[in-house]
Number of protein chains: 2
Amino acid sequence: MPNSEKTEIVRDKGPEARPLDTFDRTILGELAVDAGLSYAELGSRVGLSAPAVHERVKRLRATGRIRGTVAVLDGPATGKPFLAFVHVDTTGGSKSRTFRALAELPELEEIHSVAGDTCTLLKVRCASSRALEGLLARLYAMPGIKATRSYVVLSTYLERTPQAGITEALEEPPMDEAPR
Amino acid sequence: MPNSEKTEIVRDKGPEARPLDTFDRTILGELAVDAGLSYAELGSRVGLSAPAVHERVKRLRATGRIRGTVAVLDGPATGKPFLAFVHVDTTGGSKSRTFRALAELPELEEIHSVAGDTCTLLKVRCASSRALEGLLARLYAMPGIKATRSYVVLSTYLERTPQAGITEALEEPPMDEAPR
DNA sequence: TGATTGCTCCGAACGTGATTCCTTTCTTCA
DNA sequence: TGAAGAAAGGAATCACGTTCGGAGCAATCA
């Protein structure tokens, strides 16, 4: 199972990283689904030896393609069966201070600044609707919070971390008005 | 590093599982942040020996508290810098067929059925705004899709998988109208 | 109160797999 | 055509996951 750091630090290449060949993308695809694979198994799936995939995974970590490996907890099974998305309207003000305070709560899973009819989108997972109420109360106690609109999740059909695959077909020009 | 299965199958206790003591919750908290910890390191952090935490992690897996361990990929670094949430209005119809088709796309990260002024909420990560356009085009080609409203993410301040912690204070009664 | 049962923890030993080293091969550039 | 760099494979080493046996502890029941 691909270990975190532990190997000597490989200098972060930053933006000068190469463009991800097929091997890399296959490795990423496998690890995004199950990071508990042995290098031998991973190697046989992508068609490389264990040391070779080890080298590539090390590089994928060093270049920031892999941010880390985590255990995925089950919300309901760990006491937080209640999931909601909260749109927030804010008036100007120091959003980063507010966000930092929110991020302290383990109930907050995502905080995005979005374009649309609201400013901010939160993903909240908590124990009950009462806990959401408590969270909203805290929200309104913060400066610059104008309004919220909550979407309570009734059932979840899919929930996963970023995947490696890219559907090329989505990029095709939608209209046939010859770009040039 | 906590391995997946591999150990003999421990009978899934289903709902009869115990209520998660402090050790369990600490272990979950650590693994939700970094699943690459060795059992020895994990043990020293929670105050147990390696075999003891191994036993507990095995149980946490068997009882479904831990759904799996995955590598967290970086969207921009893997070619998908564009993130959006799409609210979808559907008229009755077989949603599960539609959802299954959508889940095939690696661009789809989340599909929730929600309560509110829309029916469904999608989280989409793709290569560009054009790809989102292509995805919306596919959406409208599906039966029962009435309207969509998209929120394009400008910047992400927090994004993580479910955490183990629970903020008890959120559960406190919001009003002082003595329940009894 | 005392004995028994079950559970969980720890120390030590074992085996597997991660990690490294080195050689070979392929590609690229002079 | 020759040289240099990168990358993959094979083998060896080493760390860690995993198991085993025993001890401590709490709860149950006689």
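Every value quoted in this text rests on a predicted model; they were computed, and no experiment measured them. Letters go in sequence order (proteins before strands), and every chain restarts at 1.
- The OH atom of B/Y39 sits 17 Å away from the P atom of C/dT16 (whole-angstrom rounding).
- The nearest whole Å value for the distance from the CZ atom in B/R56 to the C1' atom in D/dT18 is 18 Å.
- In this structure, the CD atom of A/E41 is 11 Å from the P atom of C/dA18, given to the nearest Å.
- For the pair A/E55 CD and D/dA8 P, the computed distance is 8 Å after rounding to whole Å.
- For A/P51, taking side-chain heavy atoms from C-beta onward, the closest of the listed nucleotides C/dT20, C/dT8, C/dA12 is C/dT20.
- No side-chain donor from either of B/E109 and A/T161 sits under 3.5 Å from a side-chain acceptor of the other.
- One can place CZ of B/F23 at 7 Å from P of C/dC9, the figure rounded to the nearest angstrom.
- Between the C1' atom of D/dC20 and the NZ atom of B/K58 lies a distance of 11 Å, rounded to the nearest Å.
- Atom CG in A/L42 sits roughly 13 Å away from atom C1' in C/dG17 (whole-Å rounding).
- Between the side chains of B/Y39 and B/S49, no donor-acceptor pair is found at a separation under 3.5 Å.
- Protein atom CG of B/L48 is 11 Å distant from nucleotide atom P of C/dG11, rounded to whole Å.
- Side chain to side chain, A/Y151 and A/R149 meet the donor-acceptor criterion of an N or O pair below 3.5 Å.
- Nearest heavy atom pair, residue B/L136 against residue B/S150, reads CD1-OG, 4.0 Å.
- Listed nucleotides: D/dA8, C/dC10, C/dT8. Nearest to the side chain of B/R59: C/dT8.
- Phosphate contact (OP1/OP2 of D/dT18, side-chain N/O of B/H54, threshold under 4.0 Å): present.
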